[in-house]
There are 2 protein chains.
Amino acid sequence: MALRHAVLAALLDEELSGYQVTKAFAVGVANFWHALPQQVYAELAKLEKEGLVAGREVVQETRPNKRLFRVTGGGLAELERFAAAVAKPSFLRDDLLVKVQAADHLDSEVLIGRLLERAAFADAKAASFEQLLRVMRGDRDEAEFLLRGARVGPYLTCRRGLDFERANRDWCREVVAVLRARRGAGPGS
Amino acid sequence: MALRHAVLAALLDEELSGYQVTKAFAVGVANFWHALPQQVYAELAKLEKEGLVAGREVVQETRPNKRLFRVTGGGLAELERFAAAVAKPSFLRDDLLVKVQAADHLDSEVLIGRLLERAAFADAKAASFEQLLRVMRGDRDEAEFLLRGARVGPYLTCRRGLDFERANRDWCREVVAVLRARRGAGPGS
DNA sequence: CTGCACATGTAAACAGTTACATGATTTT
DNA sequence: AAAATCATGTAACTGTTTACATGTGCAG
(Lines give C-alpha, C1' and ligand atoms only; values in the text may rest on other atoms or scores of the structure.)
Protein backbone atom coordinates (compact mmCIF):
# COMPACT_ATOMS: atom_id res chain seq x y z
CA MET A 1 0.00 0.00 0.00
CA ALA A 2 1.30 3.43 -0.85
CA LEU A 3 -1.60 5.62 0.28
CA ARG A 4 0.04 5.82 3.68
CA HIS A 5 3.29 6.88 2.03
CA ALA A 6 1.55 9.45 -0.14
CA VAL A 7 -0.02 10.92 3.01
CA LEU A 8 3.33 10.97 4.78
CA ALA A 9 4.94 12.64 1.76
CA ALA A 10 2.21 15.29 1.73
CA LEU A 11 2.85 16.06 5.41
CA LEU A 12 6.63 16.35 5.11
CA ASP A 13 6.83 20.07 4.43
CA GLU A 14 3.97 21.35 6.56
CA GLU A 15 1.55 20.47 9.30
CA LEU A 16 -1.87 19.80 7.79
CA SER A 17 -5.33 18.79 8.91
CA GLY A 18 -7.13 15.82 7.35
CA TYR A 19 -9.19 18.27 5.37
CA GLN A 20 -6.09 20.04 4.06
CA VAL A 21 -4.47 16.74 3.11
CA THR A 22 -7.63 15.96 1.17
CA LYS A 23 -7.26 19.30 -0.63
CA ALA A 24 -3.62 18.53 -1.37
CA PHE A 25 -4.74 15.27 -2.95
CA ALA A 26 -7.10 17.24 -5.14
CA VAL A 27 -4.44 19.62 -6.52
CA GLY A 28 -0.69 19.14 -6.33
CA VAL A 29 -0.50 15.60 -5.08
CA ALA A 30 -3.10 14.68 -7.71
CA ASN A 31 -0.36 13.97 -10.27
CA PHE A 32 0.88 10.97 -8.41
CA TRP A 33 -1.89 9.80 -6.12
CA HIS A 34 -5.56 10.29 -5.55
CA ALA A 35 -7.61 9.71 -2.43
CA LEU A 36 -11.06 10.43 -1.10
CA PRO A 37 -11.56 12.30 2.20
CA GLN A 38 -12.73 9.13 3.97
CA GLN A 39 -9.55 7.34 3.01
CA VAL A 40 -7.40 10.22 4.20
CA TYR A 41 -9.12 10.42 7.60
CA ALA A 42 -8.94 6.65 8.04
CA GLU A 43 -5.28 6.56 7.04
CA LEU A 44 -4.35 9.43 9.36
CA ALA A 45 -6.06 7.62 12.25
CA LYS A 46 -4.07 4.46 11.51
CA LEU A 47 -0.80 6.35 11.06
CA GLU A 48 -1.34 8.12 14.38
CA LYS A 49 -2.06 4.85 16.18
CA GLU A 50 1.20 3.45 14.78
CA GLY A 51 3.13 6.55 15.81
CA LEU A 52 4.12 7.55 12.27
CA VAL A 53 2.34 10.89 12.52
CA ALA A 54 1.48 13.01 15.56
CA GLY A 55 -1.71 15.04 15.70
CA ARG A 56 -2.48 18.06 17.84
CA GLU A 57 -5.88 19.61 18.43
CA VAL A 58 -6.30 23.19 17.25
CA VAL A 59 -9.27 24.96 18.78
CA GLN A 60 -10.87 27.44 16.41
CA GLU A 61 -13.44 30.08 17.22
CA THR A 62 -15.20 30.62 13.92
CA ARG A 63 -14.53 27.18 12.40
CA PRO A 64 -14.97 23.65 13.72
CA ASN A 65 -11.90 22.49 15.61
CA LYS A 66 -9.33 20.58 13.64
CA ARG A 67 -6.38 18.28 14.20
CA LEU A 68 -3.06 19.14 12.59
CA PHE A 69 -0.67 16.31 11.81
CA ARG A 70 3.07 16.16 11.39
CA VAL A 71 5.39 13.30 10.46
CA THR A 72 7.32 11.77 13.35
CA GLY A 73 10.79 10.24 13.27
CA GLY A 74 9.15 6.87 12.91
CA GLY A 75 7.16 8.17 9.96
CA LEU A 76 10.28 9.42 8.23
CA ALA A 77 11.97 6.07 8.84
CA GLU A 78 8.95 4.34 7.31
CA LEU A 79 9.23 6.56 4.23
CA GLU A 80 12.93 5.78 4.00
CA ARG A 81 12.17 2.04 4.10
CA PHE A 82 9.51 2.51 1.43
CA ALA A 83 11.89 4.46 -0.81
CA ALA A 84 14.52 1.74 -0.51
CA ALA A 85 12.16 -1.00 -1.74
CA VAL A 86 11.82 -1.68 -5.47
CA ALA A 87 8.97 0.42 -6.86
CA LYS A 88 6.17 -1.51 -8.50
CA PRO A 89 5.97 -0.83 -12.23
CA SER A 90 3.15 1.59 -12.93
CA PHE A 91 0.80 1.22 -15.85
CA LEU A 92 -1.96 3.19 -17.43
CA ARG A 93 -5.42 2.14 -16.35
CA ASP A 94 -7.84 4.19 -18.29
CA ASP A 95 -11.42 3.68 -19.42
CA LEU A 96 -10.72 5.69 -22.55
CA LEU A 97 -7.95 3.34 -23.67
CA VAL A 98 -10.32 0.39 -23.29
CA LYS A 99 -12.80 2.24 -25.48
CA VAL A 100 -10.21 3.03 -28.15
CA GLN A 101 -9.00 -0.59 -28.09
CA ALA A 102 -12.53 -1.56 -29.14
CA ALA A 103 -12.86 1.40 -31.54
CA ASP A 104 -13.08 -0.71 -34.69
CA HIS A 105 -16.26 -2.32 -33.37
CA LEU A 106 -17.95 0.78 -31.93
CA ASP A 107 -19.73 3.92 -33.10
CA SER A 108 -17.00 6.48 -33.94
CA GLU A 109 -19.13 9.55 -33.31
CA VAL A 110 -19.75 8.59 -29.71
CA LEU A 111 -16.09 7.79 -29.15
CA ILE A 112 -14.95 11.07 -30.72
CA GLY A 113 -17.18 12.89 -28.24
CA ARG A 114 -15.51 11.16 -25.30
CA LEU A 115 -12.03 11.83 -26.71
CA LEU A 116 -12.68 15.54 -27.16
CA GLU A 117 -14.06 15.74 -23.62
CA ARG A 118 -10.92 14.13 -22.29
CA ALA A 119 -8.64 16.30 -24.42
CA ALA A 120 -10.27 19.42 -22.96
CA PHE A 121 -10.00 18.06 -19.44
CA ALA A 122 -6.34 17.13 -19.89
CA ASP A 123 -5.61 20.55 -21.34
CA ALA A 124 -7.19 22.27 -18.34
CA LYS A 125 -5.26 20.07 -15.95
CA ALA A 126 -2.02 20.78 -17.82
CA ALA A 127 -2.68 24.51 -17.51
CA SER A 128 -3.22 24.19 -13.76
CA PHE A 129 0.03 22.23 -13.39
CA GLU A 130 1.87 24.88 -15.39
CA GLN A 131 0.51 27.49 -13.02
CA LEU A 132 1.59 25.43 -10.00
CA LEU A 133 5.09 25.06 -11.42
CA ARG A 134 5.38 28.82 -11.97
CA VAL A 135 4.34 29.44 -8.37
CA MET A 136 6.85 26.92 -7.06
CA ARG A 137 9.85 28.23 -8.94
CA GLY A 138 8.96 31.88 -8.38
CA ASP A 139 11.21 34.27 -10.28
CA ARG A 140 14.04 31.81 -10.82
CA ASP A 141 14.44 30.02 -14.12
CA GLU A 142 13.91 26.28 -14.09
CA ALA A 143 17.54 25.12 -14.28
CA GLU A 144 18.51 27.43 -11.43
CA PHE A 145 15.56 26.35 -9.33
CA LEU A 146 16.23 22.65 -9.88
CA LEU A 147 19.88 23.09 -8.96
CA ARG A 148 19.52 25.24 -5.88
CA GLY A 149 15.85 25.48 -4.88
CA ALA A 150 14.63 23.97 -1.63
CA ARG A 151 12.14 21.10 -2.08
CA VAL A 152 12.41 20.11 -5.72
CA GLY A 153 10.46 16.88 -5.09
CA PRO A 154 7.00 18.40 -5.52
CA TYR A 155 8.25 20.32 -8.56
CA LEU A 156 9.55 17.19 -10.26
CA THR A 157 6.36 15.20 -9.65
CA CYS A 158 4.31 18.11 -10.94
CA ARG A 159 6.46 18.16 -14.06
CA ARG A 160 5.64 14.50 -14.63
CA GLY A 161 1.96 15.28 -14.17
CA LEU A 162 2.20 18.08 -16.72
CA ASP A 163 3.90 15.88 -19.31
CA PHE A 164 1.34 13.16 -18.66
CA GLU A 165 -1.62 15.45 -19.26
CA ARG A 166 -0.04 16.95 -22.36
CA ALA A 167 0.51 13.45 -23.72
CA ASN A 168 -3.10 12.54 -22.92
CA ARG A 169 -4.37 15.60 -24.72
CA ASP A 170 -2.19 15.07 -27.79
CA TRP A 171 -3.07 11.38 -28.02
CA CYS A 172 -6.80 12.08 -27.77
CA ARG A 173 -6.62 14.64 -30.55
CA GLU A 174 -4.58 12.32 -32.73
CA VAL A 175 -7.05 9.47 -32.26
CA VAL A 176 -9.89 11.83 -33.17
CA ALA A 177 -8.02 12.82 -36.35
CA VAL A 178 -7.50 9.15 -37.26
CA LEU A 179 -11.15 8.24 -36.64
CA ARG A 180 -12.35 11.20 -38.72
CA ALA A 181 -9.97 10.44 -41.58
CA ARG A 182 -11.14 6.81 -41.65
CA ARG A 183 -14.78 7.88 -41.66
CA GLY A 184 -13.98 9.71 -44.87
CA ALA A 185 -11.61 7.23 -46.50
CA GLY A 186 -13.05 4.02 -45.07
CA PRO A 187 -10.88 1.06 -44.14
CA GLY A 188 -9.93 -1.41 -46.82
CA SER A 189 -10.42 1.16 -49.61
CA MET B 1 -15.82 -1.52 -13.17
CA ALA B 2 -13.91 -1.65 -16.42
CA LEU B 3 -12.14 -4.99 -16.06
CA ARG B 4 -15.16 -6.60 -17.69
CA HIS B 5 -14.93 -4.12 -20.55
CA ALA B 6 -11.21 -4.68 -20.95
CA VAL B 7 -11.88 -8.42 -21.20
CA LEU B 8 -14.66 -7.88 -23.74
CA ALA B 9 -12.37 -5.61 -25.78
CA ALA B 10 -9.65 -8.25 -25.75
CA LEU B 11 -12.09 -10.87 -27.08
CA LEU B 12 -13.48 -8.73 -29.89
CA ASP B 13 -11.09 -9.80 -32.62
CA GLU B 14 -10.56 -13.43 -31.72
CA GLU B 15 -11.84 -16.31 -29.66
CA LEU B 16 -9.55 -16.80 -26.66
CA SER B 17 -9.27 -19.04 -23.62
CA GLY B 18 -8.95 -17.60 -20.13
CA TYR B 19 -5.28 -18.41 -20.25
CA GLN B 20 -4.84 -16.58 -23.56
CA VAL B 21 -6.73 -13.55 -22.25
CA THR B 22 -4.32 -13.55 -19.31
CA LYS B 23 -1.44 -13.55 -21.79
CA ALA B 24 -3.05 -10.68 -23.69
CA PHE B 25 -3.19 -8.74 -20.43
CA ALA B 26 0.51 -9.36 -20.01
CA VAL B 27 1.51 -7.97 -23.43
CA GLY B 28 -0.64 -5.87 -25.74
CA VAL B 29 -3.53 -5.07 -23.44
CA ALA B 30 -0.96 -4.22 -20.77
CA ASN B 31 -0.79 -0.62 -21.99
CA PHE B 32 -4.31 0.07 -20.87
CA TRP B 33 -5.23 -2.51 -18.27
CA HIS B 34 -3.66 -5.12 -16.08
CA ALA B 35 -5.22 -8.21 -14.54
CA LEU B 36 -4.14 -11.37 -12.78
CA PRO B 37 -5.20 -14.80 -14.06
CA GLN B 38 -7.61 -15.29 -11.16
CA GLN B 39 -9.40 -12.07 -12.00
CA VAL B 40 -9.68 -13.01 -15.65
CA TYR B 41 -11.14 -16.45 -14.92
CA ALA B 42 -13.59 -15.00 -12.40
CA GLU B 43 -14.64 -12.22 -14.79
CA LEU B 44 -15.14 -14.64 -17.69
CA ALA B 45 -17.36 -16.80 -15.49
CA LYS B 46 -19.46 -13.77 -14.55
CA LEU B 47 -19.66 -12.52 -18.13
CA GLU B 48 -20.79 -15.95 -19.32
CA LYS B 49 -23.47 -16.14 -16.65
CA GLU B 50 -24.74 -12.75 -17.80
CA GLY B 51 -24.70 -13.82 -21.45
CA LEU B 52 -22.12 -11.22 -22.53
CA VAL B 53 -19.66 -13.86 -23.69
CA ALA B 54 -20.23 -17.42 -24.87
CA GLY B 55 -17.76 -20.19 -24.10
CA ARG B 56 -17.24 -23.47 -25.91
CA GLU B 57 -15.25 -26.44 -24.72
CA VAL B 58 -12.29 -27.43 -26.87
CA VAL B 59 -11.01 -30.92 -26.22
CA GLN B 60 -7.26 -31.21 -26.67
CA GLU B 61 -5.17 -34.35 -26.87
CA THR B 62 -1.76 -33.24 -25.72
CA ARG B 63 -2.87 -30.27 -23.59
CA PRO B 64 -5.52 -29.89 -20.88
CA ASN B 65 -8.92 -29.02 -22.35
CA LYS B 66 -9.75 -25.37 -22.59
CA ARG B 67 -12.78 -23.12 -23.03
CA LEU B 68 -12.72 -20.55 -25.81
CA PHE B 69 -14.82 -17.42 -25.36
CA ARG B 70 -16.34 -15.01 -27.87
CA VAL B 71 -18.31 -11.80 -27.34
CA THR B 72 -22.08 -12.11 -27.86
CA GLY B 73 -24.46 -9.48 -29.21
CA GLY B 74 -25.28 -8.59 -25.63
CA GLY B 75 -21.60 -8.19 -24.90
CA LEU B 76 -21.13 -5.81 -27.81
CA ALA B 77 -24.16 -3.82 -26.67
CA GLU B 78 -22.63 -3.60 -23.19
CA LEU B 79 -19.38 -2.27 -24.69
CA GLU B 80 -21.35 0.26 -26.70
CA ARG B 81 -23.11 1.45 -23.53
CA PHE B 82 -19.75 1.68 -21.76
CA ALA B 83 -18.23 3.69 -24.61
CA ALA B 84 -21.15 6.13 -24.55
CA ALA B 85 -20.69 6.94 -20.85
CA VAL B 86 -18.30 9.72 -19.80
CA ALA B 87 -14.87 8.20 -19.16
CA LYS B 88 -13.47 8.72 -15.69
CA PRO B 89 -10.40 10.93 -15.69
CA SER B 90 -7.31 8.80 -15.35
CA PHE B 91 -4.37 9.74 -13.20
CA LEU B 92 -0.90 8.48 -12.49
CA ARG B 93 -0.66 6.28 -9.44
CA ASP B 94 2.94 5.42 -9.02
CA ASP B 95 5.12 4.46 -6.05
CA LEU B 96 8.08 6.19 -7.68
CA LEU B 97 6.31 9.55 -7.85
CA VAL B 98 5.52 9.30 -4.14
CA LYS B 99 9.21 8.67 -3.50
CA VAL B 100 10.32 11.61 -5.64
CA GLN B 101 7.75 13.86 -3.92
CA ALA B 102 9.58 13.10 -0.68
CA ALA B 103 13.02 13.30 -2.33
CA ASP B 104 14.17 16.36 -0.39
CA HIS B 105 13.85 14.41 2.86
CA LEU B 106 15.30 11.10 1.71
CA ASP B 107 18.64 9.52 0.83
CA SER B 108 19.37 10.47 -2.81
CA GLU B 109 21.58 7.47 -3.54
CA VAL B 110 18.81 5.02 -2.76
CA LEU B 111 16.31 6.97 -4.82
CA ILE B 112 18.67 7.23 -7.79
CA GLY B 113 18.95 3.45 -7.74
CA ARG B 114 15.17 3.05 -7.96
CA LEU B 115 14.93 5.64 -10.73
CA LEU B 116 17.58 3.95 -12.86
CA GLU B 117 15.83 0.61 -12.37
CA ARG B 118 12.58 2.09 -13.55
CA ALA B 119 14.20 3.86 -16.48
CA ALA B 120 15.63 0.54 -17.67
CA PHE B 121 12.30 -1.18 -17.22
CA ALA B 122 10.43 1.54 -19.10
CA ASP B 123 12.98 1.43 -21.89
CA ALA B 124 12.53 -2.33 -22.28
CA LYS B 125 8.76 -1.98 -22.29
CA ALA B 126 8.98 0.80 -24.88
CA ALA B 127 11.10 -1.45 -27.10
CA SER B 128 8.56 -4.25 -26.85
CA PHE B 129 5.74 -1.87 -27.75
CA GLU B 130 7.74 -0.63 -30.74
CA GLN B 131 8.12 -4.24 -31.85
CA LEU B 132 4.38 -4.86 -31.43
CA LEU B 133 3.56 -1.78 -33.48
CA ARG B 134 5.87 -2.93 -36.29
CA VAL B 135 4.16 -6.32 -36.34
CA MET B 136 0.71 -4.74 -36.41
CA ARG B 137 1.37 -2.37 -39.28
CA GLY B 138 3.38 -4.92 -41.28
CA ASP B 139 4.99 -3.44 -44.40
CA ARG B 140 2.73 -0.37 -44.59
CA ASP B 141 3.88 2.99 -43.30
CA GLU B 142 2.06 4.36 -40.29
CA ALA B 143 -0.10 6.98 -42.01
CA GLU B 144 -1.29 4.46 -44.57
CA PHE B 145 -2.00 1.84 -41.91
CA LEU B 146 -3.94 4.27 -39.73
CA LEU B 147 -6.02 5.40 -42.67
CA ARG B 148 -6.84 2.05 -44.21
CA GLY B 149 -5.74 -0.76 -41.91
CA ALA B 150 -8.27 -3.04 -40.29
CA ARG B 151 -8.36 -2.77 -36.47
CA VAL B 152 -6.49 0.40 -35.62
CA GLY B 153 -7.79 0.33 -32.02
CA PRO B 154 -5.06 -1.93 -30.64
CA TYR B 155 -2.46 0.04 -32.60
CA LEU B 156 -3.58 3.37 -31.14
CA THR B 157 -3.63 2.07 -27.56
CA CYS B 158 -0.18 0.57 -28.06
CA ARG B 159 1.05 3.94 -29.32
CA ARG B 160 -0.20 5.53 -26.10
CA GLY B 161 1.61 2.84 -24.12
CA LEU B 162 4.81 3.54 -26.04
CA ASP B 163 4.64 7.28 -25.42
CA PHE B 164 3.88 6.65 -21.76
CA GLU B 165 6.91 4.43 -21.26
CA ARG B 166 9.18 6.80 -23.13
CA ALA B 167 7.96 9.64 -20.92
CA ASN B 168 8.56 7.52 -17.82
CA ARG B 169 12.08 6.71 -18.94
CA ASP B 170 12.94 10.31 -19.81
CA TRP B 171 11.49 11.66 -16.58
CA CYS B 172 13.41 9.13 -14.48
CA ARG B 173 16.67 10.05 -16.16
CA GLU B 174 16.00 13.75 -15.75
CA VAL B 175 15.25 13.34 -12.06
CA VAL B 176 18.49 11.39 -11.66
CA ALA B 177 20.38 14.21 -13.37
CA VAL B 178 18.79 16.78 -11.05
CA LEU B 179 19.55 14.77 -7.91
CA ARG B 180 23.16 14.23 -8.98
CA ALA B 181 23.66 17.89 -9.85
CA ARG B 182 22.28 18.94 -6.45
CA ARG B 183 24.51 16.48 -4.67
CA GLY B 184 27.41 18.36 -6.25
CA ALA B 185 26.13 21.93 -5.99
CA GLY B 186 24.04 21.60 -2.85
CA PRO B 187 20.76 23.45 -2.36
CA GLY B 188 20.88 26.99 -1.03
CA SER B 189 24.43 27.52 -2.28
C1' DC C 1 -31.97 31.57 2.12
C1' DT C 2 -29.14 28.77 -0.88
C1' DG C 3 -24.96 27.04 -1.81
C1' DC C 4 -20.13 26.50 -0.89
C1' DA C 5 -16.14 25.78 2.17
C1' DC C 6 -14.73 23.99 6.53
C1' DA C 7 -14.29 19.71 9.29
C1' DT C 8 -14.76 14.70 10.35
C1' DG C 9 -16.18 10.52 10.09
C1' DT C 10 -19.11 5.34 9.50
C1' DA C 11 -20.85 1.41 6.71
C1' DA C 12 -21.42 -1.31 2.82
C1' DA C 13 -20.13 -2.66 -1.62
C1' DC C 14 -16.80 -3.40 -5.02
C1' DA C 15 -12.18 -4.22 -6.98
C1' DG C 16 -7.53 -5.95 -6.73
C1' DT C 17 -3.57 -8.67 -4.72
C1' DT C 18 -1.42 -12.54 -2.48
C1' DA C 19 -1.30 -17.15 -1.27
C1' DC C 20 -2.71 -21.66 -2.14
C1' DA C 21 -4.02 -25.76 -5.07
C1' DT C 22 -3.69 -29.11 -9.00
C1' DG C 23 -1.86 -31.49 -12.79
C1' DA C 24 -0.10 -32.44 -17.68
C1' DT C 25 3.41 -31.41 -21.38
C1' DT C 26 7.29 -29.32 -23.48
C1' DT C 27 11.73 -27.18 -23.41
C1' DT C 28 16.42 -26.73 -21.57
C1' DA D 1 15.88 -33.63 -13.79
C1' DA D 2 14.40 -29.00 -13.41
C1' DA D 3 12.07 -25.15 -15.26
C1' DA D 4 8.72 -23.10 -18.19
C1' DT D 5 4.20 -23.25 -20.42
C1' DC D 6 -0.49 -24.73 -20.69
C1' DA D 7 -4.83 -24.62 -18.11
C1' DT D 8 -8.11 -23.48 -14.33
C1' DG D 9 -9.52 -22.19 -10.32
C1' DT D 10 -10.56 -21.09 -4.51
C1' DA D 11 -9.85 -18.36 -0.29
C1' DA D 12 -8.30 -14.73 2.45
C1' DC D 13 -6.84 -10.24 2.67
C1' DT D 14 -6.17 -5.45 1.37
C1' DG D 15 -7.44 -1.41 -0.87
C1' DT D 16 -10.89 1.76 -3.19
C1' DT D 17 -15.34 3.71 -4.09
C1' DT D 18 -20.06 4.96 -3.08
C1' DA D 19 -23.46 6.18 -0.04
C1' DC D 20 -24.68 7.96 4.19
C1' DA D 21 -24.31 11.13 8.36
C1' DT D 22 -23.56 15.65 10.92
C1' DG D 23 -22.92 20.38 11.95
C1' DT D 24 -20.97 25.50 11.51
C1' DG D 25 -19.96 29.85 9.15
C1' DC D 26 -19.60 32.84 5.32
C1' DA D 27 -20.72 34.81 0.64
C1' DG D 28 -23.90 35.84 -2.94
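Just so it is clear, the values below take in all heavy atoms, side chains as well, and ignore hydrogens, waters and symmetry mates. Chain naming here is simple, since letters A, B, ... match the order of the sequence lines and numbering starts at 1 in each.
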Apply salt bridge (Lys or Arg N to Asp or Glu O under 4.0 Å) to the pair B:Glu50 and B:Arg4, showing each step before the final yes or no. CA-CA 11 Å; B:Glu50 295 171 39; B:Arg4 66 187 313 108; 2.7 Å; yes

Checking A:Lys125 now: which residues fulfil salt bridge (charged side-chain N to carboxylate O under 4.0 Å, His left out) with it, not counting sequence neighbours? A:Glu165

Listing request: all salt bridge (charged side-chain N to carboxylate O under 4.0 Å, His left out) pairs with a residue in residues 133-143 of chain A, at least two apart in sequence or in separate chains. A:Glu142-A:Arg159

Going by side-chain hydrogen bond (donor to acceptor under 3.5 Å, both in side chains), name the residues that satisfy it together with A:Arg183, two or more places apart in sequence or in a different chain. A:Glu109

Are the charged groups of B:Asp95 and A:Lys88 less than 4.0 angstrom apart, N to O? no

Round to a whole Å and report the spacing from CZ of B:Phe25 to C1' of C:dT17. 16 Å

Which ones in residues 11-19 of chain B lie close to DNA chain D, meaning a heavy atom under 4.0 Å from one of its atoms? B:Ser17, B:Gly18, B:Tyr19

Atom CG of B:Asp95 and atom C1' of D:dG15 are separated, to the nearest Å, by 13 Å

Whichever of A:Ala35 and B:Gln20 has the more 5' nearest nucleotide on DNA chain D, that residue is B:Gln20

At under 4.0 Å between heavy atoms, how does the protein contact nucleotides 21-28 of chain D? Give one character per nucleotide, 5' to 3', with B, S or -. --B-SS--

I'd like to know if B:Glu144 pairs up with B:Arg148 as an ion pair, taking the criterion as any Lys NZ or Arg NE/NH1/NH2 lying under 4.0 Å from an Asp or Glu carboxylate oxygen. yes

Is B:Lys88 near enough to D:dT18 that one of its side-chain N or O atoms lies under 4.0 angstrom from OP1 or OP2? yes

Mind telling me whether B:Phe91 and A:His34 have parallel, tilted or perpendicular rings, with 30° and 60° as the class edges? tilted

Is the shortest heavy-atom distance from the side chain of A:Ser90 to the side chain of B:Arg93 under 4.5 Å? no

Between C1' on C:dT8 and CG on A:Asn65, what's the gap in Å once rounded to a whole number? 12 Å

Can you find a pair of side-chain heavy atoms, one from B:Asp94 and one from B:Val98, that are under 4.5 Å apart? no

Check whether any side-chain heavy atom of A:Val40 lies under 4.5 Å from a side-chain heavy atom of A:Tyr19, and answer yes or no. no

Rounded to whole Å, how long is the line connecting atom CD of B:Gln60 with atom P of D:dT5? 17 Å

Tabulated below should be each protein N or O lying under 3.5 Å from an N or O of nucleotides 9-16 of chain C; please produce it.
| from | atom 1 | to | atom 2 | distance (Å) |
| --- | --- | --- | --- | --- |
| C:dA15 | OP1 | B:Met1 | N | 3.4 |
| C:dG16 | OP1 | A:Arg93 | NH1 | 2.6 |

When you compare the side chain of B:Val71 with that of B:Leu52, does any pair of heavy atoms fall below 4.5 Å? no

